[in-house]
Protein chains: 2
Amino acid sequence: MTVSPSASRDMASSRIFETLKQDLIRGRFAAGEKLAISALKDHYRVGLSPLREALNRLAAYGLLEQVNQRGFRVPAMRLEELDDIAGLRTQLECMALTQAFQAGDPEWESQLLAAHHRLRRADEHPDRVEEWEQAHLRFHRALLASCGSHWLLRFIEQLHDQFDRYRRLAPPNPAVREVLDRQHGELVELALSRDIAAARALLDDHIRLSHGVARGCCQPAPPDSAV
Amino acid sequence: MTVSPSASRDMASSRIFETLKQDLIRGRFAAGEKLAISALKDHYRVGLSPLREALNRLAAYGLLEQVNQRGFRVPAMRLEELDDIAGLRTQLECMALTQAFQAGDPEWESQLLAAHHRLRRADEHPDRVEEWEQAHLRFHRALLASCGSHWLLRFIEQLHDQFDRYRRLAPPNPAVREVLDRQHGELVELALSRDIAAARALLDDHIRLSHGVARGCCQPAPPDSAV
DNA sequence: TGAATATAAAAAATCGATTTTCTTGAGATG
DNA sequence: CATCTCAAGAAAATCGATTTTTTATATTCA
């Protein structure tokens, strides 16, 4: 987030922040679960201070909730919130897309092509999920990177993380996945030809499809009487 | 036993977070300044741990920057960033306004009227700046409160805080201020009559005017050769 | 002289221990 | 039998001290 890029010499709090962030997005904790701080401390082999600093950052980022004197919990997952996230993501990304197409230069085009190539390579290895996830995130980043608004990109990134938390919990849908993969290539084409209207429509559809899949993460809440 | 209003029940880290947040927005620290942690500790009379947790939250929120092993600094103020913030604020607030008008119910109308009344009362006391600032923030919150998107409101709040950091540093402009105050009342009228198009135009203008005033915060950087 | 290096002082980050607050459940009360 | 009280245990929050890293200053060497 705000920590400077140098990777290896990172502070313990930044390392544990990144690790926890990924684990939260990957769904390694149950929604609504209360985090036992000393258990985390043992599991991740970090001290209390860096751990607590990371938890505080995650709470400010929206991947954790902090309750007054009773620690941190994983936010509940509600269909209503997923819809909110997806809807807003659509609007913000379409906004950024327009600006990115208008301001995009050859360097942006190159980076986009490169990111797309990496994503296609990752498509070929269905077993290496984390590599694909990273390539996918970077592709969407590259698509909007030239939009010129630091704050817009920041919010989009945050929404993307929130969205993925839901999507990753949903059962995979190979048929839709195939369409989504194809759309990435089409987005690149439209980017190169600067076809804003078509690209917006496609991106809207892309997110809508992905949203539909992600909705599978919440089964309808059973009435209280059920076992 | 007299339980003082929840505030004292808060954790030290939350109290110092709020205090620091306000002081940052009010411009009590110079832009670009490096924060000396132990000085803050003495000044605010808090321990190191709660202080560091608050600083971490503020960095995640965007009111501080954290540099790898060299602590926290106040973000620089750049005209370019103010323009980004104002532009995005306009787009997000207009988006929220539309949804708020569509979903607004009588309770929302009441709260908006109440917030506006408090703001007008605060207008009458030009000496009590902080009261006005709070009433103003709450008015704008009330205007959009019924929009139904938790995440949109969250981002708008964040942008508002960023924007105010610039605006509060700029020299006051009584002429523009008078127009801005009048616009608050007009926004209420348009809210009650659900005139979305007119309200969007007015809100756009409202932010544009305020943006113009806020721009006075950065005097053009003198060339290096100057004394 | 000027670049490079060593070193002392300062600041940040982290650790281990202490204090505070919540939670649980046994026993008292109505 | 349900509710309330209170102490013991668990967990969170905070403190004080230590370790690590940076910064400033002085010194050496070409």
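Both backbone and side-chain heavy atoms feed into the values below; hydrogens, waters and symmetry mates do not. Residue numbers begin at 1 in each chain, while the letters A, B, ... track the order of the sequences.
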Colleague: Expected output is a numbered-order residue list: members of residues 39-55 of chain B with a heavy atom under 4.0 Å from any atom of DNA chain D. What is it?
Modeller: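 Heavy-atom contacts with DNA chain D come from B/Gly47, B/Leu48, B/Ser49, B/Pro50.
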Colleague: Would you kindly give the CD-to-C1' distance between B/Gln69 and D/dT22, to the nearest whole Å?
Modeller: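 Interatomic distance, CD of B/Gln69 to C1' of D/dT22: 9 Å.
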Colleague: Looking at D/dA13, C/dA11, C/dA13, which one has an atom nearest to any side-chain atom of B/Lys34?
Modeller: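 So the nucleotide nearest the side chain must be C/dA11.
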Colleague: Take atom CZ of A/Arg70 and atom C1' of C/dT20, then tell me their distance rounded to the nearest Å.
Modeller: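 Whole-Å distance recorded here is 14 Å.
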Colleague: Quick one: B/Asn68 CG to C/dA11 C1', roughly how many Å, whole number?
Modeller: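 After rounding, the gap between these two atoms is 15 Å.
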Colleague: Can you tell me the distance, in whole Å, between the CZ atom of B/Arg15 and the C1' atom of D/dA13?
Modeller: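 Nearest whole value for this atom pair: 11 Å.
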Colleague: Angle between ring planes, B/Phe163 versus B/His211, binned at 30° and 60°: parallel, tilted or perpendicular?
Modeller: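 The rings of B/Phe163 and B/His211 stand perpendicular, inter-plane angle above 60°.
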Colleague: Going by an N to O cut-off under 4.0 Å, is there a salt bridge joining A/Arg120 and A/Asp123?
Modeller: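 Not counted as a salt bridge, because no side-chain N and carboxylate O are separated by less than 4.0 Å.
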Colleague: Does a nitrogen or oxygen in the side chain of B/Ser13 sit under 4.0 Å from OP1 or OP2 of D/dT14?
Modeller: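 B/Ser13 to D/dT14 OP1/OP2: side-chain N or O found under 4.0 Å.
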Colleague: Please examine the side chains of A/Glu93 and A/His206, heavy atoms only from C-beta on, and report whether any two atoms are closer than 4.5 Å.
Modeller: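 No, side chains not in contact.
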Colleague: B/Gln99 and B/Cys147: which non-hydrogen atoms are nearest, and at how many Å?
Modeller: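 Residues B/Gln99 and B/Cys147, closest heavy atoms: NE2-O, 3.3 Å.
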Colleague: Does a side-chain N-to-carboxylate-O contact under 4.0 Å join B/Arg121 and B/Glu131?
Modeller: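 Not counted as a salt bridge, because no side-chain N and carboxylate O are separated by less than 4.0 Å.
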Colleague: Mind checking whether B/Phe139 and B/His184 have parallel, tilted or perpendicular rings, split at 30° and 60°?
Modeller: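 Ring orientation of B/Phe139 relative to B/His184: perpendicular.
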Colleague: Report the distance from atom CE of B/Met11 to atom P of D/dA13, rounded to the nearest whole Å.
Modeller: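 Nearest whole value for this atom pair: 5 Å.
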Colleague: Mind calculating the distance between CG (A/Leu35) and C1' (C/dC22) to the nearest angstrom?
Modeller: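 Those two atoms, CG and C1', are 17 Å apart.
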Colleague: Figure out the CD/P separation between B/Gln66 and D/dT22, and round it to whole Å.
Modeller: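 So the two atoms are 14 Å apart, to the nearest Å.
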Colleague: Atom CG of B/Asp10 and atom P of C/dT20: how far apart are they, to the nearest Å?
Modeller: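 The answer, rounded to whole Å, is 18 Å.
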Colleague: Does a side-chain N or O from B/Ser38 land closer than 4.0 Å to OP1 or OP2 of C/dA10, or not?
Modeller: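 Checking C/dA10 against B/Ser38, no side-chain N or O comes under 4.0 Å of OP1 or OP2.
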Colleague: Anything under 30° is parallel, anything over 60° is perpendicular, the rest tilted; go ahead and classify A/His136 against A/Trp132.
Modeller: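 Plane angle under 30°, so parallel.
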